[in-house]
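Contents: one structure, followed by commentary.
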Amino acid sequence: MRRLITADSVRTASGVLGNAVLIDGDHVVEVGQRADLLVPGVEEVPYPGATIVPGLSDAHFHPTNWTAAVHRLTLHDASNLDDVVAALVARSSEMPPGRPLVATRLDDQRLLEKRLPTRHDLDVVDRPVLLFRVCGHIAVANTAALQAAGVGPSTPDPAGGSLDRDALGHPNGILRETAIGIVSSVTGGRGDRLDPEEVVSALLPLHEVGLTRLTAMVAYGSDPWCGGPSELRAVVDAAADSPVEIDVFVITDEPDDLTSAAERLADAGGPVRFAGVKMFSDGSFGGHTAALREPYADIGTTGTMRLPAKHRELARRALELDGRVAIHAIGDLAVEKVLDEFDRLVEWGAEPSRLRMEHASLMDDADRTRFAEIGAIASMQPAFLPSDGPWLPTRLGDRMRDVFAHQSALDAGITIAGGSDCPVEQPSPLWGMAAARDRNGIVPTEEVSAEDALGMFTDGVAAALGERTPLSPGSPARLTILDADPVATTPEELPTVGVRAVWVQGRESALT
Ligand SMILES: [Zn+2]
C-alpha cells in the first residue's frame, strides 16, 4: 500500500529534499513536495510541524550488553567506591545465597578515587563478585570469585591478557582482557541468562531516542573473553520480535562459526541479518590496552596488539558468505596493522567498502590518507569525546590532536559510520551528533558540520552496509520523525529534541 508521510520538511545530510516521503510497503518510492505526491488512492500520514530525517542508525552497538545494562545491576552513576560497595551490598541482599553477583558499567574515571577497586574493596560482599569496567575490557573479581575460579599467586597471565598483582605477586582482583574469562567462566559474563523478552523490552525504548536500526556486535559463543551462554543465541531468539532492524557482526575465532551464524540468522525471522565478522586488534585507552606506536604518556606501556590466529581465514569466510569484515582498532599501531590487513584483503579480491575499522580512534595524516586510498569505512563514536576527554590527555599527550579527529577523517575522504558502542555510551544518536559538533571543547578544529553529523548516523551507516543512500528511490522505508530540524538545532539543544515517531520497514511506531 502506498502512503505519503508529510511534515514541515524532509531533511537529509545533503539538504532539505521537500516535505513528503512516498512509500510503498517497506521501501521509498519518492521524496518531494506534498502537493505533487498526494494523489487519489494514497493515504496521507501527516506530522504537522515536524521534520522527517532518514531513520537514525547506530553503526556499533552491543544489544546483549545493553540488555544486561537495562535489566541488571549497573554502576555507571556511582561517584565513589562507597557507592559501588553500597550498590553491591544492596543487590546481594536480594539474591539467594551463593549465586555470583555480576555488575556492569563501572567507570573508575568518574569515581572520586579515580581508581578501580581491588578484590579487598569487594570482599564485604559474601559471594563471588565480578564487576565489569564500562569498556568491557577490564573486570574486577573479589576474593571469593578468584577462589571459585582457582586463581592464586601461581596462576600465570593468559595469552592476550593479564592479572594485576600486589607487591607479593598475589592477584589483586583486577583482570585485563582475556584474563576476565578465567573468572567469568565460573561467575558468568555480562550478558548471562538473557531471555528473549528481556532483549526485546530493552530494544523497544530505543525508538524514543529515534533509533530505527543497529549494527550489532554479537559474540557467537559467550561475551568476548568471558564465559557464559551464547550472545548470538540471545539475539536469534529475540529476532522475530525485534522492534529495530539489526545487522549482526559475529565475534568468533572460528570460521565455521560464521557459516553457522549466517544460517541461524537467515532462519531467525524478523528484521535481523548477518553482516559479517568482527575481530579485535587491540584493547581500549581506558585500560591502557589500545596498541600505540609510542608508549602512553603516563605509564611506559604501548598496549596490547592482538588479532585472532585465523584472522585471514575469518575475513575471507565472512566475505564468501556475502558479509563484511569489521576489525576493532583504537591505537595508532593497531590502525596501521589493520590497514596492512585491509591491503592484503583487497589484493585477495575484497571489495574495499566491505572492510571497516571499528573506532579508528588514533590516526595521523599518513594513516588517514592510506585509509581513504584503500576505501574502507571508519566506524566511529563521537560520544567517546565527552566521556574520555577529561582523562585522555594525560595518557596521549600531544597525540590528542589526532584522536577522534572526525573532520580530518572527512577531509581525507573517509566515510564515517556513526555509532555509540552502547552500552559504553548512551544509545542516543542525537547525543552522538551533538558530540561530533561541539566536541566538549576538545580540539575544536575537528568539529564537524551539522549536516555531516547527521550524515554519520544515516548515510554513513547505510554506506557501511552497502545500502543505497537513505530516502533515495528504492531505499528502505526507515524514517525518524523529529520535533525540530536537527541541522537547525544547536548542539546544546539537539539531545533534547523530541522524537514523534519512527518508521521501521514501512511500519509506524508512534511515540506521542
Ligand atoms: Zn564495541
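These numbers were taken from a predicted model, which means no experiment stands behind them. In each ligand, atom 1 is the first atom listed, and ligand 1 is the first ligand listed.
- A ring-centre distance under 6.0 Å is found for H328 and H137.
- H71 and S201 share a side-chain donor-acceptor pair at under 3.5 Å.
- Excluding waters, the set of protein N, O or S atoms lying under 2.8 Å from the Zn ion (ligand 1) comprises H60 NE2, H62 NE2, D421 OD1.
- Two rings, from H359 and F384, have their centers less than 6.0 Å apart.
- For T394 and Y296, the side-chain atoms include no donor-acceptor pair closer than 3.5 Å.
- Considering L392, L362, V443 as possible partners of F404, the one that fulfils the side-chain contact (heavy atoms from CB on, under 4.5 Å) test is L392.
- Both the sub-6.0 Å distance and the 45° axial angle are satisfied by R264 relative to the ring of Y220.
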